[in-house]
Amino acid sequence: MSDLGKRIKARRLALDLTQQVAAAKAGVAHRTWRRMEAEGRASIEDLVRAAIALRCDEGIVALFPDMAASNMDELLAQQRKATRPLPQRARGTRP
């Protein structure tokens, strides 16, 4: 978990933010921010707020990718859709 704290600190420093400013941007207490950096411990809500303040929130979505399919019918439908031939462009002369 301390690795997470080191990453948070490195990102904050790369953005040239003080702990106080980063905490204010995230809407968390300065003490909470210090604990995140020192121990890598925080609530999920505070980590998400920190990610947004440090412009890392796109990575959060990747933690929970869409499921390919919940049953065989959905999987087969997705496969059919993916293998559909693309429409051919008309071959003609352009004006």
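Just so it is clear, the values below take in all heavy atoms, side chains as well, and ignore hydrogens, waters and symmetry mates.
Under a 4.5 Å side-chain heavy-atom cut-off, the cluster of Ile, Leu, Val, Met, Phe, Trp and Tyr residues that includes I52 is completed by I44, V48, I60. L76 belongs to a hydrophobic cluster whose remaining members, ordered by chain and number, are M72, L75; membership requires side-chain heavy atoms of ILVMFWY residues under 4.5 Å apart, directly or through intermediates.
Side-chain atoms of W33 and R12, non-hydrogen and from C-beta on, do get closer than 4.5 Å to each other.
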Listing, residues 24-32 side-chain donor-acceptor contacts under 3.5 Å, not counting sequence neighbours, or none:
{"unit_1": "H30", "atom_1": "ND1", "unit_2": "R34", "atom_2": "NH1", "d": "3.4"}
{"unit_1": "H30", "atom_1": "NE2", "unit_2": "Q19", "atom_2": "OE1", "d": "3.3"}

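For L15, the side-chain contact (heavy atoms from CB on, under 4.5 Å) partners two or more places apart in sequence, or in a different chain, are R11, L17, L54, R55. By the side-chain contact (heavy atoms from CB on, under 4.5 Å) test, D16 is found to be paired with no residue, residues two or more places apart in sequence or in another chain being considered. Partners of S70 by side-chain hydrogen bond (donor to acceptor under 3.5 Å, both in side chains), not counting sequence neighbours, listed by chain and number: E74. With sequence neighbours excluded, the residues that form a side-chain contact (heavy atoms from CB on, under 4.5 Å) with E45 are S43, R49.
R41 CZ to L4 CG: the interatomic distance, rounded to the nearest 0.5 Å, is 12.0 Å. L13 CG to I8 CD1: the interatomic distance, rounded to the nearest 0.5 Å, is 12.0 Å.
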